[in-house]
Amino acid sequence: MENPHIRAEAIEANEFPDLSQKYNVSGVPKSIINERVEIEGAVPDSAFLQQVLQAIK
Amino acid sequence: MGNVHDLPSTLPTPYFAASSFTKYRFDGILFPSAIRQALVFPPDVCRRPGANFIPVGEKHIRNSFFIGKQGKHMAFISPEDAATVRERFEKEMVKDVTMNLFIEDETGAAGCQYCEETRDLLEEFASLSNKIRLVVHKFPSDREAVAKYGIDKVPALALEQDKDVGIRFYGIPAGYEFATLIEDTISLSRGETKLSSGVLDQVRQITQDVTIRVFVTPT
């Protein structure tokens with residue numbers, strides 16, 4: 001909503017095992033940003049933003 | 001559930017500070033609310049301290065379909081949950097939200113595990129507010145819609161208010177994901193996110209394309 005350049009997908013890991021395997025998902029939540037940056041587990045929103053900024057450097 | 005600041009320190013840091021169940025501070029559509037929903041734990045996770053990284057492989061999907069303890073009138077949404085959600089929608093929704101659901105077509109070639117269940121769940125969900133519209137598309141046969149929303153797997157849900165802002169749910173939005181769905185719907189309807197102003201400013205300045213994929217499970 002805040003930025004048209006950004007899109008977000010929630011993927012249910014059990015139903016898409018190939019994708020889960022591709023991204024090496026051994027636990028959830030696991031976030032992948034631009035195929036580059038991975039975040040496992042919970043992080044505060046400011047930290048998440050930092051990872052997004054890192055991914056688009 | 002009280003204010004997040006009252007939560008014991010053994011709980012993982014919520015991704016976004018949450019207040020009560022009825023007032024999740026919501027990150028908005030920028031980040032998949034799946035993240036938020038997965039990380040800002042719904043009330044029942046208070047019984048599971050430390051569960052901030054849940055091992056994949058727990059096949060509790062069937063159980064997690066029943067969001068409340070007894071699903072009577074609706075197959076997926078308990079009367080208690082339905083009443084709570086209905087009330088929230090009544091209070092908080094402003095504009096109409098459209099749910100574009102993609103399920104496998106009759107050939108079954110898409111090999112979809114929970115397409116019918118997803119459809120049933122979302123039909124129940126849509127019935128909780130007259131501002132929610134469910135449109136069901138077939139994958140891959142509804143080619144125009146599939147191309148428009150960029151769908152490559154099912155079940156897939158694209159939420160929009162007046163335009164597609166790039167929110168997708170892949171797989172049945174049950175369990176924890178259900179709370180995310182509620183928040184997303186309200187947020188879209190109100191046209192507002194609850195990102196902190198500092199984060200929001202930086203988000204708005206991003207000019208590159210960003211795709212965030214969040215893997216979640218219902219439990």
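Labels below follow one simple rule: chain letters A, B, ... track the order of the sequence lines, proteins then strands, and each chain is numbered from 1.
Across A:V37, A:I32, A:L53, the residue that shares the most heavy-atom pairs under 4.5 angstrom with chain B is A:I32.
Remark: the backbone N or O of B:V214 is not paired with any side-chain donor or acceptor of A:E9 at under 3.5 angstrom. Checked by atom type and distance alone, the side chain of B:Q208 pairs as donor or acceptor with a backbone atom of A:I56 at under 3.5 Å. Under a 3.5 Å cut-off, the side chain of A:N34 and the backbone N or O of B:D209 do form a donor-acceptor pair.
Residues A:R7 and B:V210 form no side-chain contact, since every pair of their non-hydrogen atoms from C-beta on lies 4.5 Å or further apart. Taking 4.5 Å as the limit, some side-chain heavy atom of A:L19 sits within range of a side-chain heavy atom of B:K153. You'll find the side chain of B:I206 reaches within 4.5 Å of the side chain of A:V52, heavy atoms only. A 4.5 Å side-chain heavy-atom check between A:D45 and B:S196 finds at least one atom pair inside the cut-off.
If you measure heavy-atom distances from B:L157 to chain A, you find no contacts under 4.5 Å at all.
With salt bridges taken as basic N to acidic carboxylate O contacts below 4.0 Å, one links B:R213 and A:E35.
When every heavy atom of A:E15 is checked against every heavy atom of B:P155, the shortest pair comes out as OE1-CD, 3.8 Å.
The aromatic rings of A:Y23 and B:F215 lie tilted to each other, with the angle between the two planes from 30° to 60°.
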